[in-house]
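This is a predicted model, so every value here is computed, not measured. Sequence positions, counted from 1, serve as the residue numbers for this chain.
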Amino acid sequence: QVQLVESGGGKVQPGESLRLSCAYSRVMLDYYAIGWFRQASGKEREGVSWINLGDGTTKYADSVKGRFTISRDDAKRTVYLQMSDLEPEDTAVYYCATTNRLATWYIDTFYNFWGQGTQVTVAS
């Protein structure tokens with residue numbers, strides 16, 4: 001089992017930044033990657049970004065490319081999502097999750113364990 005805990009959410013104005021953290025409970029030798037997803041009210045959950053825990057390869061949804069950056073700190077067992085130039089459309093609950101599969105990164109059913117989520121609200 002793996003426990004994931006997200007933090008760093010909050011309310012910001014359009015154009016501002018936030019950094020989300022996803023702390024995981026143990027060394028992830030048997031897990032392949034961590035992904036960030038989000039779910040806005042009334043909408044389906046969507047993949048935002050993904051990082052390979054081995055070689056550090058990253059992927060992003062088109063809607064966040066150039067604005068969001070995913071990174072990891074193995075010593076702290078934490079994956080970060082730096083979000084810049086936030087837009088009202090980024091408002092959602094953000095989740096991190098881990099997968100032990102080499103699969104389509106934005107398909108949430110491929111992920112094994114999920115955090116509880118952190119709310120991000122972008123409004124003026």
Side-chain angles (χ1 to χ4, degrees):
Q1 284 239 347
V2 179
Q3 291 182 325
L4 303 168
V5 179
E6 303 96 337
S7 61
K11 182 177 179 180
V12 296
Q13 295 189 346
E16 294 185 339
S17 300
L18 276 176
R19 187 178 77 163
L20 304 184
S21 299
C22 171
Y24 48 91
S25 59
R26 63 171 178 81
V27 176
M28 305 283 275
L29 294 177
D30 48 347
Y31 285 86
Y32 182 69
I34 284 181
W36 281 99
F37 289 77
R38 66 186 181 187
Q39 187 166 22
S41 180
K43 295 187 177 180
E44 292 188 354
R45 189 161 53 190
E46 64 172 347
V48 175
S49 187
W50 171 99
I51 187 165
N52 183 314
L53 296 176
D55 66 9
T57 303
T58 59
K59 298 183 187 293
Y60 297 92
D62 288 343
S63 59
V64 306
K65 278 181 183 176
R67 301 189 298 122
F68 290 12
T69 302
I70 192 169
S71 62
R72 74 186 203 267
D73 186 329
D74 295 339
K76 295 183 177 179
R77 296 205 295 266
T78 300
V79 169
Y80 302 100
L81 186 67
Q82 177 68 46
M83 307 186 296
S84 302
D85 194 20
L86 283 161
E87 304 169 351
E89 293 74 21
D90 297 316
T91 296
V93 178
Y94 283 72
Y95 302 89
C96 63
T98 188
T99 179
N100 58 3
R101 302 188 195 186
L102 176 58
T104 306
W105 71 271
Y106 51 82
I107 304 297
D108 58 3
T109 53
F110 291 141
Y111 288 76
N112 308 90
F113 297 103
W114 292 78
Q116 82 290 347
T118 185
Q119 176 71 47
V120 171
T121 302
V122 185
S124 55

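Among pairs with a residue in residues 51-69, those fulfilling salt bridge (charged side-chain N to carboxylate O under 4.0 Å, His left out) read D62-K65, R67-E87, R67-D90, at least two apart in sequence or across chains. Under the salt bridge (charged side-chain N to carboxylate O under 4.0 Å, His left out) criterion, no residue pair touches residues 9-22, with sequence neighbours excluded.
The two atoms that bring S84 and S17 nearest to each other are CA-OG, 3.5 Å, heavy atoms only. Of all non-hydrogen atoms in V5 and Q116, the two that sit nearest each other are CA-OE1, 3.8 Å. Between G9 and T118, the shortest heavy-atom contact is N-OG1, 3.2 Å. In plain terms, the two heavy atoms of Q119 and V93 that are nearest each other are OE1-CG2, 3.2 Å. Nearest heavy-atom pair across A40 and T91 is CB-O, 3.6 Å. Annotation for P14 and S124: closest pair CD-N, 3.7 Å, computed over non-hydrogen atoms.
In this pair, Y94 and F68 present their aromatic rings tilted. The plane angle is within the 30 to 60° band.
In F113, the CZ atom is crowded: over 12 heavy atoms of neighbouring residues, nucleotides or ligands sit closer than 6.0 Å.
In this view, S21 and S7, T78, Y80 satisfy the side chain to side chain contact (heavy atoms under 4.5 Å, CB included) rule, not counting sequence neighbours.
Using a 4.5 Å heavy-atom cutoff, the side chains of T98 and Y24 are not in contact. Counting heavy atoms from C-beta outward, I34 and Y111 have side chains that stay 4.5 Å or more apart. Side chains of L20 and E6 form no contact here, defined as non-hydrogen atoms less than 4.5 Å apart. W36 has its side chain out of reach of M83: every pair of non-hydrogen atoms, C-beta onward, lies at least 4.5 Å apart. Looking only at side-chain heavy atoms (C-beta outward), Y95 and L4 stay at 4.5 Å or farther from each other. Side-chain contact between R38 and V64 is present, with heavy atoms from C-beta onward closer than 4.5 Å. The shortest side-chain heavy-atom distance between C96 and V79 does not fall under the 4.5 Å cut-off.
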Determine, step by step, whether T99 and W105 satisfy the side chain to side chain contact (heavy atoms under 4.5 Å, CB included) criterion, reporting the C-alpha distance in whole Å, the side-chain angles of both residues, the deciding distance to 0.1 Å, and the verdict.
-> CA-CA 9 Å; T99 179; W105 71 271; over 6 Å; no
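In this structure, OH on Y32 lies 13.5 Å from CG on N112, to the nearest 0.5 angstrom. Rounding to the nearest 0.5 angstrom, the gap separating the CG atom in L81 from the OH atom in Y60 is 7.5 Å. Atom CG of D108 is separated from atom CD of Q39 by 8.5 Å, given to the nearest 0.5 angstrom. Between T121 atom OG1 and L18 atom CG the span is 9.5 Å, to the nearest 0.5 Å.
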